[in-house]
Asker: 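Starting off with a structure, shown below.
First the proteins, then the strands, lettered A, B, ... as listed; each starts at 1.
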Amino acid sequence: MKTLNLRKLVSSLTLVALATGSVLIGSACTTKRADSGNTLNLVSTAKIKGIDPAHADDLYSGLEVGRVFEGLLQYSYLKRPYVLEPLLAESMPEMGADGKTYTIHLKKGVLFQDDKAFKATQGKGREMTAEDVVFTFKRLADPKLSSAGWWLIDGKIVGINEWHDAATKAGKADYAAAVEGLKVIDPHTVQIKLNQHSFQFLYTLAMPQAGIVPHEAVELYGDEFLNHPVGTGPFKLEDFNPASKISYVRNPTYRKEVFPSEGEAGDKEAGLLADAGKPLPFADRVVVQIITETQPQWLNFLQGKLDVSPIPKDNFAQAIVGQELSPELKAKNMKLHKMAQIEVTHTTFNMADPIVGKNRLLRQAISTAFDQTAYNETFYNGRAIEAQGPIPPGLAGYDPSFKNPYRQFNLAKAKELMSKAGYPEGKGLPVLEYLTLADSTSRQGTEFFERALAPLGIKLKVSTFSWPEFNAALKNKKGQMWSFAWGADYPDAENFLQLFYSKNMSPGPNDSNYSNPEFDRMYEKSLTMKDSPERTALYQSMVKVLVEDCPWIFDAHRLAFTLTQPWIKNYKPHDLDHGRSKYLRIDGSLKK
Amino acid sequence: MSTASATTADLKPMPQGRSLMSDALARLKKDRLAILCTAIIVIYALIALAAQFGLIATPWDVVVGKAYQPPSFDSLPLCLGTDIFGRSVFYKVIHGTRIAMSVGLVASLISIPIGVFLGAIAGYFGGWIDELVVWFYTTLSSIPNIMLLVAITFALGKGLTAIYFALGSTAWIGLARVIRGEFIKHKNRDYVIAADSLGATHASRIFKHILPNVSHFVIINLSLQFVSAIKSEVILSFLGLGVQGQPSWGVMIDDAKLELSRGVWWQLAGATIGMFFVVLAFNILGDSLRDALDPKIK
């Protein structure tokens, strides 16, 4: 899932939070809004384009989608390593004898949130059925939406590509037309047939893009569904202001879900099982403030207006002494959570570009001139591992002993590569366009990059965007270079390698538009293999191809340092954080 | 204008008449504060020129110490500490001066001719030309200034040229209003009618006869516009729309926004002090100029 590169040290998990409800809600809304204190105050560090699973391809939209929508599966909140468990499914999908067919039994009595879209029931949410699952997957394949979830099922479900192609040809998708691989067995059973066995498909069912949507709301709101989400989730959208604030209230018709009673060793001691068996969600309201600058986030957190916060680079010394919380914050009973994230930050080269995309030596030169050690020190307070390839530590395929020859900072070598690339000292090279975000930290990061390239004689033209605009620019293959990060969608290196698969090019997740038949062949082969030393070896040889071709500058794998307020209970960091606000409990007695 | 003393038919020789400018200059000379402000502005201008030609504080973008080194007296570059990349904040302030002064100058040079020209033809000709010009500047001024600047810089792309143009093309409205009013007042005065009867063309009446008589407004306006251009540049750079790859005061303050929490105050201090004196000097000088030049305040 796409995340910002620079902004935070805690990308995946980080909800930050703001505002003790009542202050911000204002006097106009006095009815029933008296803050019970049971409001979760979170923050999104990027603007949100909307709350629709089909468009939830970036971390920040995914988090918002996860509050309203639910998929068939989810990750266990407490267990590590990450394991899938049923969410809307009654049990884990059963695989048929052919190894390609999944039969999924759905939970009974799961209601969609009340909404005026449900005309037949006068606005009461109806039960979610197997038809909705089929509709949801067809919707991801609807060419009109150019959905962010298409790459997940493209070529995977039997008949889905035919359906997609027919819809492209007709100019309109026919939802009544059947897809062979999506079969309703009975209202509570759905069968999904894959073209070939896939070890990753179940992960797909737990991703925000696969949140189940009701056709009534999609039909009623059309393009506006982004702003009128209707799902089965624990929270209902109350108010959505894309520039400043999103608020949710507890979904009154939410089914009985309970806090897990099993975790990993140490969870009990950490008090994470104290709420086992209690109904979810705990919070009555969730207020997500959109604050893109780090300082206001941090100051609001210190004032207790945010419940969860990462530590901005400029506040690191204030927050952390040695490896532990500073005495000042300890005295406030704040809690520090550390986690090595399954993610990689990178500087992407647009391989569709006639200059940087066609000159491998130029890319290698730039990669070699970029001093990651200094960068990590300046921007991550050293809280990051220098990346040598796309696969982060913690996944099979990561090789701690491997050193990328173009990631060992060496200016002399970089200059030599520049000469070989045909641009000695940058002569003859036009100014390159670099895309970045508009906040201050991104500007500093850009300045670092400009300084790194200056000795090679490379000049940059910088274009700045907001997060949604930035994503839109990439989807249109604009720009020559940009800084980016990818957080795991699921715990398998395949999720990082698919970023280079030619069929996933923009608007798919392969935003570098990299295409290499040799890589594609190995990638396709790896899909049919189960987790084994052979597959790991194949992953490593794929990484070697990427290292030579250098479609990215592999930057860093960051460590997440997250702080929570003393009144926040049950917080446990997780790489796949969507749909997890339901577990957080606010201990009102600790909150003044 | 000379005084009415000549009407008293005396035999004494007529006192030497003084032009508006020399009169104003004489009065300015007596104003110590104005002299001081002029001196400050001259110093800023000299610093800016010296930095422009690489005579001082060059190169500014080299690493002179560790990141965020506090101010020390070890060497000149370190006297205001270092920034995130270990560059000298003092040098950045000096080059910020260069940017600010150049923005002030160029923006004023763009906006003043526009303002004078449009104000002059509107006031002089009246009629539909007047209506058109008034409509144009009223419409333009109804758009909040900062929004307009943001829109223009977005359209032109980032960088100094865009800033010059954005500020230059928006800052002329005040001047145009004043000049228009003055032209309406002057166009029926005796000396203009006299020029007309002697066969002076419109252009000659506008630029040769009336304009010199209202030119003091241009001078006053210049000093005020200089300040507002400097301030706008800082604001735009702070908002991330301004100068790129160059040490602007606005960018330094934007950096400081993040750094203050780690106790790094010297970028903010440097940029603020740099800005403070030049803005104050221009403001005071602008006031003094008005006092000295406006015949009505005599």
Asker: Which of parallel (below 30°), tilted (30 to 60°) and perpendicular (above 60°) describes Tyr60(A) and Trp467(A)?
Answerer: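 Aromatic pair Tyr60(A)/Trp467(A) classed perpendicular.
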Asker: Could you check whether Phe448(A) and Phe370(A) have their ring centres less than 6.0 Å apart?
Answerer: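 Yes.
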Asker: Heavy-atom pairs under 4.5 Å with chain A are the metric here; pick the option from Leu260(B), Asp255(B), Ile84(B) that has the most.
Answerer: Asp255(B)
Asker: For the aromatic rings, using the six-membered ring if either is Trp, is the centroid distance between Tyr375(A) and Phe409(A) under 6.0 Å?
Answerer: no
Asker: Near Phe85(B) CZ, under 6.0 Å, is it more than 12 heavy atoms from other residues, nucleotides or ligands?
Answerer: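 Enclosed.
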Asker: Check whether Gln318(A) gets within reach of chain B through its side chain, its backbone, both or neither, counting any heavy atom under 4.5 Å.
Answerer: side chain
Asker: Given that the side chain runs from C-beta out, which part of Val251(B) has a heavy atom under 4.5 Å from chain A: side chain, backbone, both or neither?
Answerer: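 Looking at Val251(B), backbone and side chain both touch chain A.
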Asker: Using non-hydrogen atoms and a 4.5 Å limit, figure out which bit of Phe238(B) sits close to chain A: side chain, backbone, both or neither.
Answerer: neither
